[in-house]
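The structure displayed is predicted, hence computed values, not measured ones. To find a chain, count down the sequence lines: A is the first, B the second, and so on, and within it residues start at 1.
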2 protein chains.
Amino acid sequence: MKDAFKALSDPTRREILNLLKEKDLTAGEISEHFNMSKPSISQHLKLLKQAELVFDNKQGQFVYYSLNTTVFQELISWAMHFIEKGGQKK
Amino acid sequence: MKDAFKALSDPTRREILNLLKEKDLTAGEISEHFNMSKPSISQHLKLLKQAELVFDNKQGQFVYYSLNTTVFQELISWAMHFIEKGGQKK
DNA sequence: TAGTTATTTAAGTATTTAACTAAATAATAC
DNA sequence: GTATTATTTAGTTAAATACTTAAATAACTA
């Protein structure tokens, strides 16, 4: 989760997640959506992978990226604790 | 939401939110939980407030901080889109 | 009034982050 | 084999971040 919060703090990485919500994409396809060099996108993808927000899957010379939803579920549980509990007010 | 993601990326700020989950606290009480100067905590509180993750409420010479749950709810909705939808796989 | 306490603001510094270009790796095609 | 394409790694730099101490602000107390 620690890495996920860091990963989610960058707007480019959040936009990559939005793209992957629609369908799986290669690193190259992802980079086409941004005015940014491929190495920069590759670095963002690396961080998203480290945070377990995406999977990567090499198919020949292409690397397909897809969403890994488990951390999103953890994030929901985490946020729920702040609204549901609402311990006794003093 | 943009500011919230940034605010949540720091472990100290997440720990502050955990403290406030239990009960409302003054800036001074919050700073006692950390090996960090009061100005540093004050700065973190400022960012949490800008991100609308906390409210502040001056009572005499003390400033009480409390959770603002609205952004947590937005965060849950945001995360839900990544798991629930799961558009058609190609 | 002056003195104390609670908190924030200002200014400076060290670390981290996000970008770039150039080079390396790996798979495909000829 | 060489050439081409897809992607990552390495090295560099500029900007953002997180901390510090010192000073400012504001409220309370004697």
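Across all strands shown, A:Tyr64 has no heavy atoms under 4.0 Å from either base or sugar-phosphate atoms.
To the nearest angstrom, C1' of D:dC19 lies 15 Å from NZ of B:Lys46. When the P atom of C:dA27 is taken as reference, atom CG of A:Asn57 falls 14 Å away, rounded to whole Å. Rounded to whole angstrom, the span from the CG atom of A:Leu8 across to the P atom of C:dT17 amounts to 14 Å. If you take NZ of B:Lys58 and P of D:dC28, they are 9 Å apart, rounded to a whole angstrom. Between the C1' atom of C:dC20 and the NE2 atom of A:His44 lies a distance of 12 Å, rounded to the nearest Å. Between A:Gln43 atom CD and D:dT7 atom C1' the separation is 13 Å, expressed in whole Å. Protein atom CD of B:Glu29 is 17 Å distant from nucleotide atom P of C:dT5, rounded to whole Å. In this structure, B:Asp56 places its CG atom 15 Å from C1' of C:dT9, rounding to the nearest Å.
Here D:dT9 is the nucleotide among C:dT7, D:dT9, C:dA27 with the atom lying nearest to any side-chain atom of A:Pro39. Considering only the side chain of B:Asp10, D:dA18 comes nearest among D:dA26, D:dA18, C:dT8. Each of C:dT8, D:dT7, D:dC19 was ranked by its minimum atom distance to the side chain of A:Thr26; first place goes to D:dT7. Between C:dC20, D:dT8, D:dC19, one nucleotide has an atom nearer to the side chain of A:Tyr65 than all others, and that is D:dT8. Side-chain proximity of B:Thr12 to the nucleotides D:dT9, D:dC19, C:dA19 is greatest for D:dC19. When each of D:dT7, D:dT20, C:dA18 is scored by its nearest atom to the side-chain atoms of B:Ser37, the top-ranked nucleotide is D:dT20. The side chain of B:Lys38 lies closest to C:dT7 when the candidates are D:dT8, C:dA18, C:dT7. For B:Met36, counting side-chain heavy atoms from C-beta on, the closest listed nucleotide (D:dC19, C:dT7, C:dA18) is D:dC19. Comparing D:dT7, C:dT9, D:dT8 by their closest approach to the side chain of A:Ser42 singles out D:dT8. Considering only the side chain of A:Leu47, C:dA18 comes nearest among C:dA18, C:dT7, D:dT20.
Comparing A:Ile41 and A:Lys6 along DNA chain D, the residue whose closest nucleotide (by nearest heavy atom) sits nearer the 5' end is A:Ile41. Comparing B:Val63 and A:Ser9 against DNA chain C, the residue whose closest nucleotide sits nearer the 5' end is B:Val63.
The closest donor-acceptor contact from the side chain of A:Glu29 to the backbone of A:Thr26 lies under 3.5 Å. With A:Arg13 contributing its side chain and A:Ala7 its backbone, the two residues share a donor-acceptor pair below 3.5 Å. A donor-acceptor contact shorter than 3.5 Å is absent between the side chain of A:Asn68 and the backbone of A:Phe55.
A donor-acceptor contact under 3.5 Å is not formed by the side chain of A:Gln61 with the base of C:dT28.
Screening A:Ile16, A:Val63, A:Leu53 against A:Leu45 for a side-chain contact (heavy atoms from CB on, under 4.5 Å) leaves a single residue, A:Ile16.
A tilted orientation is assigned to the rings of B:Trp78 and A:Phe72, their planes being inclined by 30° to 60°.
To the nearest 0.5 Å, atoms CG (A:Leu75) and OG1 (A:Thr70) are separated by 11.0 Å.
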